[in-house]
Amino acid sequence: MIKARAMTTNRKREYEQQAAETGQPVMQGIYSIDQTEYIIPDPIVNGVIKKNAYGNADVFVPSMIPKGATHLPQTRHGEIARKLEIDHAEAVTGFEFKARGAIPVIKGVLVADENADRLLEAWHEFEEARIKREDKRRQEMCLKMWAKMLKGLRIKSRYWLNTEDSRQTHFNGSMSSAEFAYSRATP
């Protein structure tokens, strides 16, 4: 209960009159009785997860997970569950409010208890394969960067060899390239 706020002059006079009669300010309930009850979803039957109109399951607090279901909060479980043809629902754990709209925050999936172990095993296999692919890609990129650097060094060494030869032929061997560089650096 909170102190009631009047929006109109008539309502304000009414609240002041009630406060004068009772000696206490007029109080107003924040929520109705039916809004203060816990949401307890129906239990899972035959491994079928109940979904809302958007195909998700609302899991704002742990008590909203139905009996017989498991919440797996890791990423990519939905993708693997689709491949294994396991009934699942993406878990909406909250909302993000930006750009004058509410965007649902989806973290993991809800699956039946009997399918959770199978899905976790498949997820571990998928993650191992993903890590191997990323390592292979990273290794290939490193090799390409090394090859590029070596090509650049080869080009640079060829350039300097050619310029060294041209300097020596220009001066008919009277001055080395180090002496030439020194003579150019000093005024």
Side-chain angles (χ1 to χ4, degrees), residues 1-139 141:
M1 302 290 279
I2 60 169
K3 186 176 175 182
R5 289 181 41 185
M7 297 296 170
T8 62
T9 308
N10 288 339
R11 184 67 63 166
K12 188 174 183 179
R13 285 185 192 135
E14 186 180 315
Y15 286 165
E16 287 173 356
Q17 185 179 10
Q18 287 178 1
E21 290 173 4
T22 60
Q24 293 186 5
V26 177
M27 302 301 280
Q28 175 179 342
I30 300 176
Y31 301 104
S32 65
I33 299 296
D34 63 333
Q35 290 176 320
T36 58
E37 296 175 2
Y38 286 108
I39 298 172
I40 300 172
D42 297 332
I44 302 300
V45 180
N46 297 329
V48 178
I49 306 289
K50 290 196 176 183
K51 301 168 184 78
N52 61 17
Y54 300 102
N56 304 321
D58 297 327
V59 185
F60 302 121
V61 291
S63 63
M64 292 180 75
I65 298 173
K67 289 196 189 292
T70 304
H71 178 226
L72 302 172
Q74 293 88 357
T75 57
R76 303 206 170 146
H77 279 287
E79 180 182 328
I80 297 167
R82 274 189 292 279
K83 287 180 183 177
L84 296 176
E85 297 179 357
I86 294 174
D87 188 47
H88 68 287
E90 292 181 335
V92 176
T93 57
F95 288 92
E96 222 176 75
F97 299 96
K98 57 183 171 182
R100 297 182 183 175
I103 300 165
V105 176
I106 296 175
K107 289 190 180 172
V109 295
L110 279 182
V111 293
D113 288 338
E114 59 264 13
N115 296 327
D117 294 332
R118 193 171 102 194
L119 184 59
L120 278 175
E121 288 173 13
W123 180 76
H124 286 297
E125 291 172 9
F126 179 79
E127 283 298 304
E128 288 174 10
R130 185 184 62 81
I131 289 169
K132 284 180 184 176
R133 282 193 310 270
E134 284 182 4
D135 286 344
K136 184 179 179 183
R137 184 185 55 82
R138 195 175 300 117
Q139 193 175 27
M141 283 184 59

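Every heavy atom of this structure was used, including side-chain atoms; hydrogens, water molecules and symmetry mates were not. The model shown is predicted, which means the values in this text are computed figures rather than measured ones.
No more than 12 heavy atoms of other residues, nucleotides or ligands sit less than 6.0 Å from atom CD1 of Ile39. Counting non-hydrogen atoms of neighbouring residues, nucleotides and ligands closer than 6.0 angstrom, the NZ atom of Lys51 exceeds 12 such neighbours. Met27 CE: more than 12 foreign heavy atoms inside a 6.0 Å radius. In the displayed structure, Asn52 atom CG is contacted under 6.0 Å by more than 12 heavy atoms of other residues, nucleotides or ligands. The local environment of CD in Glu85 is sparse, with at most 12 non-hydrogen atoms from other residues, nucleotides or ligands closer than 6.0 Å. By the neighbour-count criterion of 12 heavy atoms within 6.0 Å, atom OH of Tyr54 is sparsely surrounded, having that number or fewer from other residues, nucleotides or ligands. Heavy-atom contacts from other residues, nucleotides or ligands closer than 6.0 Å to CD of Gln139 number 12 or fewer.
In this structure, the side chains of Lys136 and Lys132 stay at 4.5 Å or more apart for every pair of heavy atoms. At a threshold of 4.5 Å between non-hydrogen side-chain atoms, the residues His77 and Leu120 count as touching.
With sequence neighbours left out, Glu128 forms a salt bridge (Lys or Arg N to Asp or Glu O under 4.0 Å) with no residue at all.
Counting only distance, with no hydrogens or angles, the side chain of His88 and the backbone of Ile49 share no donor-acceptor pair below 3.5 Å. No donor-acceptor pair under 3.5 Å is formed between the side chain of Arg118 and the backbone N or O of Ile86.
Ala102 and Phe97 get closest at one heavy-atom pair: CB-CE2, 3.5 Å. When every heavy atom of Phe95 is checked against every heavy atom of Val105, the shortest pair comes out as C-CG2, 4.0 Å. A pairwise comparison of heavy atoms in Ala19 and Pro25 identifies CB-CA, 4.3 Å as the closest pair. Scanning all heavy atoms of the two residues, the minimum distance from Ala69 to Ile44 falls at CB-CG1, 3.7 Å. Across all their heavy atoms, Tyr15 and Ala4 have their closest contact at CE1-CB, 3.6 Å. Gly47 and Ala112 make their closest contact through CA-CB, 3.7 Å (heavy atoms, listed as atom of the first residue, atom of the second, distance).
A salt bridge links Arg138 with Asp135: the distance from a Lys NZ or Arg NE/NH1/NH2 to an Asp or Glu carboxylate oxygen falls below 4.0 Å. Under the 4.0 Å criterion applied to side-chain N and carboxylate O atoms, Arg11 and Glu14 are assigned as salt-bridge partners. Using a 4.0 Å cut-off between charged side-chain N and carboxylate O, Arg130 and Glu127 make a salt bridge.
Across Val48, Asn115, Leu110, a single residue satisfies side chain to side chain contact (heavy atoms under 4.5 Å, CB included) together with Asp87, and that is Val48.
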